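None of the values given here were measured: they were computed from a predicted structure. Sequence lines set the chain letters: A, B, ... in the order given, protein chains first and strands last, and positions in each chain run from 1.
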Amino acid sequence: MTDMNKAYSAGDHEDSIYQMWEESGIFAPDFSKTKEPYSIMMPPPNATGQLHLGHATMLAIEDILARFKRMQGHPTLYLPGTDHAAIATQSVVEKRLQDGGMKNPLEELGREAFLDKIKEFVEDSKKTIRMQVRKMGTSCDWSREKYTFSDDLNHAVNTIFKMMYEDGLIYRGGRIVNWDPKMQTTVSDDELEYVEEKSKFYYFQYGPVVIGTARPETKFGDKIIVVHPEDKRYKEFIGKEFELEWIEGPIKAKVIADECIDMELGTGAMTITPAHSQVDFELAQKYDLESPQIIDLEGKIKAEWSKSCAGMTTKEARKKVVEILDEKGLLVKIDEDYLHNVSVNYRGKGVVEPQVMEQWFVDVNKQVMDWKGKKMSIKEVLQDVVNTKMIRIIPQRFEKIYFHWIDNLRDWCISRQIVWGHRIPVWYKGDEIQVNEVSPGEGWKQDEDTLDTWFSSGLWTFSTLGWPEKTEELEKFTPSNVLETGYDILFFWVARMIIQSTYALRKSGFPEEKSIPFKDVYLHGLIRDIHGKKMSKSRPETCIDPLDMIKSYGTDAVRLSLVIGGTPGNDMRLYEEKIGGYRNFVNKIWNGARFVIMNLDGESEIVESELSRSDKWVLSRLNEITEAVTKNLEEYKLSEAGLEIYNFFWGEYCDWYLEISKVSKNPAVLKQVLKTSLKLMHPFMPFVTEAIWKELQSEKLVDEKMLIASDWPEVNPEWNFPSESDEMSRIMDLIRAIRKLRAESNVDAGKKIHAIIYAHEDLQLVSDKADIIKRLANLGELEISETGDKVAKALSGFVGDVEIYLPLADLLDMDAEKARLDKEIKNIENYLETLSRKLSNDSFTKNAPEQVVAAEQKKLDEAAAKLEKLSKQIQELGE
RNA sequence: GGGCGAUUAGCUCAGUUGGUUAGAGCGUCUGGUUUACACCCAGAAGGUCAUUGGUUCGACUCCAAUAUCGCCCACCA
C-alpha cells in the first residue's frame with residue numbers, strides 16, 4: 001500500500017495515469033474485438049486558444065460514451081482535432097498585429113506573409129488545445145488527430161467543390177449578401193445577430209404620396225413606389241409615373257403594386273432600394289428593375305449620388321438627407337420611438353449593410369442528389385434523413401426546429417472575402433473559368449476568396465477518415481454513432497455536415513444508410529453562471545475556466561459537475577460549490593476503497609451459503625444499479641446514470657454496507673462490489689477509479705491491468721435476492737414508523753422498542769442488522785448509554801442473537817392509516833369496475849387491436865392483485 | 001408576428017409509457033471526532049409541484065387557457 005495512506009489529491013495522479021493510458025495504445029480502436037465498431041468524431045475546437053466550459057462539457061459527455069462503449073467491447077474510435085475557424089482566427093491574429101502597431105496587417109505583410117503569421121499562431125494554439133483536451137481525461141486517439149486546414153482535408157474540400165460545381169449545385173451569382181463593412185467580408189444569414197435599437201422613423205412627401213422610412217440615406221436613387229394592390233388610398237396611382245422633387249433635385253418615379261406590402265405599416269407606401277435590402281432586391285428581380293449601388297463597401301455614400309453627402313458614413317448621411325428634405329419642405333413628420341432590429345455580424349458586432357455582390361452559392365433546391373432511387377434536392381435530403389429516423393436528434397423537440405429551419409433555407413453563400421481558409425478552387429483567364437485544385441496553366445488566376453468555414457468543417461465526419469479515398473476506416477466508421485455538440489450550432493454545422501456527407505458519400509458509391517454523417521445527434525445545453533447568464537469573455541467575472549477548476553478540484557469533479565444535473569438541450573448553471581461537492585465524492589470513493597483494501601485478506605470467492613442478509617442485499621442492489629447505469633447510458637441519460645451510481649456508492653455501499661462490515665464482514669462481497677462500482681463509475685470519473693484500480697493491482701486483488709481496458713460489468717442472475725430487498729424495505733418502514741411514533745405521540749417510544757426487541761421472533765434480525773441497531777441508537781430509541789457512546793461498543797453489545805419484532809400496527813396511527821387504505825381501496829374498486837365494464841363490452845373487445853385488449857386485461861389483473869394486497873393490509877390493521 | 005422551452009424545498013436541479021407518503025446536492029438547524037473519510041457520520045426543518053379549468057377511479061405527469069422568465073425563427077420600407 002503506497003499512495004493510499006494519504007488523502008486523494010487529483011493532481012498527484014492525473015497526468016501519470018493519462019500518460020499510462022496513452023502509451024498503452026488503448027485509445028486506438030481495438031480491432032481484435034468482434035463487436036460492431038463505435039465512433040465519435042470530436043467537434044474540433046477552434047484553434048484560437050483557450051478551451052472553455054462548452055468544450056469541457058462536450059469532452060466530458062463524449063468521453064463518457066466512448067469509455068462506456070470501449071469497455072463494452074466495441075472497437076471504439078474517438079477522433080480528435082482542431083478547426084482553423086476562418087474568420088474567428090483571422091480576426092484574432094489581425095487584432096494582435098494591430099495591437100502591435102500594424103494598421104492593416106494584410107496590406108503591409110502581403111497575403112503569404114500574413115498567412116504565415118496566422119499559421120504560426122494556429123500551431124501554437126493547437127498545442128494548447130491538445131494539452132487541455134488531455135487534461136480533461138479525454139480518451140481520444142491522438143494518432144488519428146486531424147486539422148480542418150491540413151493538406152489532405154484541403155484536397156477533400158477541393159474535390160467536393162468540383163463535384164458540386166459539375167453537378168450544378170455550386171454556382172456564381174449576384175445576390176444580396178450581408179456585407180460587414182467593418183470586417184470587409186460577407187456574413188451568412190446564420191451568423192447574423194439582431195440588436196434592438198430605438199431610432200427615428202421618417203415620413204417624407206414623395207410626389208403624390210407620403211412614404212415612410214427608417215433609412216433616408218439609402219433613398220438617393222429610389223425611383224419606384226410600391227403599394228398594396230388592394231389599398232384604396234393609392235389605387236388610382238398604380239402604374240403611373242410622376243415627376244417629383246427629391247434630395248438632389250427633380251426625379252421621375254413610378255408606382256407599382258405588390259402584395260408583400262403591409263398596408264398597416266407606415267403610410268402603406270414605400271420606395272425601394274434594391275441594392276441594399278433583401279426584400280427590395282427580390283422585388284427588383286421580380287419586376288426587372290435596376291439595382292444601383294448607393295453605399296460603397298466601406299459603408300460610405302458613393303459620390304455619384306450626392307455632392308453633399310459623398311463619402312459620408314450612413315449615419316452622417318442620414319442626418320444630412322433629413323436636413324435637405326426638411327429645407328425643401330418635404331419632411332412630413334418624424335416618429336421618435338421607432339423600435340427595430342439592426343443586423344450585426346455575430347463576430348465583431350459590425351453593423352451589416354446589405355450589398356449586391358458576386359458570390360459563390362450552393363443551390364439547395366436543385367434536384368440532383370441521388371437519393372433512394374430519386375433525384376432530390378439538398379433540402380429534400382435534409383428532410384428525409386430526419387423524417388425517416390436515419391438520424392435521430394436528441395432531445396427530439398429540436399427536430400421541429402430543424403424542419404422549420406429547412407423550410408426557410410435559402411441558397412447557401414459559401415464565399416468569404418478573407419484570406420485565412422480554403423481558397424476557392426476556381427481559376428480565371430479572361431472570360432474562361434475552370435474549377436481545379438491546381439492552376440490549369442500559364443495565365444490563369446485563382447479566385448481571391450476563401451470558403452465559408454462551415455463548408456469545410458461540414459466534411460469533418462468523413463474527410464477525417466480519408467475521403468475522397470475509399471479507405472477501410474471509412475467503411476468501418478461511417479456513419480459515426482453520435483455527434484455531440486451544443487444546440488447553438490445545430491444549423492451552423494450539424495445541417496451542413498448532413499449536406500456534405502450525404503452528397504459526397506453517395507457520390508463515392510456508398511449506400512444511403514452509410515452516407516449519413518452520424519446516427520444520433522446529442523445536443524447539450526449552454527453552461528451558464530449561477531444567475532443564469534451566459535458566460536462571456538467580455539464579462540470575465542462570469543467566467544469559470546475549466547482548467548482553473550481542474551487545478552482546484554481535479555478533473556473527475558469537473559466532469560461530474562458538467563454532466564450531473566444536466567439534461568440534453570437544456571441550459572445548465574454551474575458554480576464552484578457544485579464542483580466542490582463532486583470533489584467530495586471523489587474523495588469519498590478514495591477513502592471507501594482505502595477501507596475496503598485494508599479489510600481484504602487475500603483472494604476470496606463469493607460463496608452463496610456464506611452470504612448474510614446484508615451481503616445479499618448489497619449484491620442485489622449492485623445488480624439493479626448495474627442494469628440502471630447501463631440502460632441510462634444507452635439512452636444518453638448520463639445524468640441519471642451518474643446519479644444512480646453516486647447514490648449507491650455513497651449512500652448505500654459506504655454509509656450502510658461498510659458500516660456493517662465493521663461488525664461482520666464478507667471480504668469477497670466487499671471486493672466484488674468495489675470492483676463493479678469502479679467499473680460503473682469509470683466513464684464518469686476515469687482518474688480516481690483508475691488510481692484505485694492501480695492499488696488493487698499492486699495488491700494483486702484484480703487481474704485486469706487497467707480499468708479503462710476492463711470489461712463492462714453485467715448483471716449476475718445469481719445475485720438477485722428479491723425477498724431480501726423486500727425485507728429491507730420493510731425495515732426502512734419500521735424506522736420510519738418509529739420516527740413517526742416518536743414525533744406524534746408522547747408514548748415513551750424508546751422504552752417500548754427496547755422492550756419489544758427481546759419480545760418477538762418474527763423478524764429475525766441478527767448480527768448483520770447492526771446498522772439498524774445503530775440507527776435506532778442514533779434516534780435515541782435504544783438506551784445504550786450504559787455501554788458508553790461508542791457505537792462500536794453499543795453494537796458489540798447487541799450483536800449476537802438479538803431478535804427484533806416491531807408490529808407495524810403498534811407503531812402507526814391506526815385511524816389515519818385505515819382511512820388512507822380505505823380511500824385507496826375505494827379507488828381501486830372503482831377502477832376495477834370501469835375496466836371490467838370496458839372488457840365486457842363486445843364492441844371494444846372485437847374492434848380494438850389485440851394488444852390493447854391484452855393490455856387492459858393486464859391492468860385489470862394488476863389492479864385486482866393490488867386490491868387483494870390492500871385488503872390484507874387493512875385486515876392486519878384490524879387485528 | 002410564428003415557434004420552442006422553463007416555472008417543483010432558501011439556492012441549483014432531477015422526476016416518461018398517469019399509480020401508495022414528490023426526490024437529490026448545496027445551504028440552515030440539532031447531535032456526533034468511532035483509526036476509511038469533518039472534503040465525514042446520524043438526524044431535523046423546509047413543498048397548495050406557477051395559476052385556473054378540464055380529462056380520469058386517480059394528475060407534478062395528459063389537455064386547454066392565463067401569468068412570468070428565457071431562447072429560436074421570420075419581418076421590420
Under the salt bridge (charged side-chain N to carboxylate O under 4.0 Å, His left out) rule, collect the residues that match up with [X], sequence neighbours excluded.
X: A/R397; value: none
X: A/E577; value: none
X: A/K254; value: none
X: A/R215; value: A/E217, A/E353

Listing for RNA chain B: consecutive Watson-Crick or G-U pair runs of at least 3, distance cutoff 3.5 Å, ranges ordered by first number, gives B:1-7 with B:67-73, B:10-13 with B:23-26, B:28-32 with B:40-44, B:50-54 with B:62-66
Give each protein N/O atom lying under 3.5 Å from an N/O atom of nucleotides 4-11 of chain B, with the pair distance.
residue: B/rC4; atom: OP1; partner: A/K400; partner atom: NZ; Å: 3.2

For A/T567, report the nucleic acid contact type (base, sugar-phosphate, nothing); a contact means any heavy atom under 4.0 Å.
-> sugar-phosphate
Relative to each other, are the rings of A/Y8 and A/W590 parallel, tilted or perpendicular (30° and 60° limits)?
-> tilted
For [X] and [N], give me the distance from atom [atom1] to atom [atom2], rounded to whole Å.
X: A/E652; N: B/rA42; atom1: CD; atom2: P; value: 12 Å
X: A/Y402; N: B/rC73; atom1: OH; atom2: P; value: 16 Å
X: A/F403; N: B/rC73; atom1: CZ; atom2: P; value: 18 Å
X: A/L658; N: B/rU35; atom1: CG; atom2: C1'; value: 15 Å
X: A/M598; N: B/rA36; atom1: CE; atom2: C1'; value: 6 Å
X: A/E644; N: B/rG15; atom1: CD; atom2: P; value: 12 Å
X: A/F595; N: B/rA36; atom1: CZ; atom2: P; value: 6 Å
X: A/R594; N: B/rC40; atom1: CZ; atom2: P; value: 14 Å

Is the shortest heavy-atom distance from the side chain of A/V255 to the side chain of A/V209 under 4.5 Å?
-> no
Qualifying residues under side-chain hydrogen bond (donor to acceptor under 3.5 Å, both in side chains), relative to [X], sequence neighbours excluded:
X: A/Y653; value: none
X: A/H524; value: A/E484
X: A/Y636; value: A/D520

For [N] versus [M], give the span between their [atom1] atoms, rounded off to a whole number of Å.
N: B/rG15; M: B/rG25; atom1: C1'; answer: 15 Å
N: B/rG23; M: B/rU66; atom1: C1'; answer: 29 Å
N: B/rA64; M: B/rU28; atom1: C1'; answer: 40 Å
N: B/rC57; M: B/rG5; atom1: C1'; answer: 33 Å
N: B/rA59; M: B/rU55; atom1: C1'; answer: 10 Å
N: B/rU61; M: B/rU16; atom1: P; answer: 12 Å
N: B/rC41; M: B/rC73; atom1: P; answer: 46 Å
N: B/rA42; M: B/rC63; atom1: C1'; answer: 46 Å

When you match A/T271 and A/E577 each to their closest nucleotide on RNA chain B, which lands nearer the 5' end?
-> A/E577
The residue, A/M270 or A/H404, whose nearest nucleotide of RNA chain B is more 5′ is A/H404
To the nearest 0.5 angstrom, please state how far the CG atom of A/L330 sits from the CD1 atom of A/I211.
-> 10.0 Å
Which residues in residues 580-588 of chain A have at least one heavy atom lying under 4.0 Å from any atom of RNA chain B?
-> A/R583, A/N584, A/N587, A/K588
Mark yes when over 12 heavy atoms from residues, nucleotides or ligands other than A/K223 sit less than 6.0 Å from its NZ; otherwise mark no.
-> no
Would you list the pairs meeting salt bridge (Lys or Arg N to Asp or Glu O under 4.0 Å) in which at least one residue belongs to residues 636-649 of chain A, sequence neighbours left out?
-> A/E635-A/K637
If only side-chain N and O atoms of A/W650 are considered, is one of them under 4.0 Å from the OP1 or OP2 phosphate oxygen of B/rC40?
-> no
Does anything in residues 550-568 of chain A pair up under side chain to side chain donor-acceptor pair (under 3.5 Å), and if so which pairs, sequence neighbours excluded?
-> A/E14-A/T555, A/D63-A/R559, A/Y553-A/E576, A/T567-A/N570
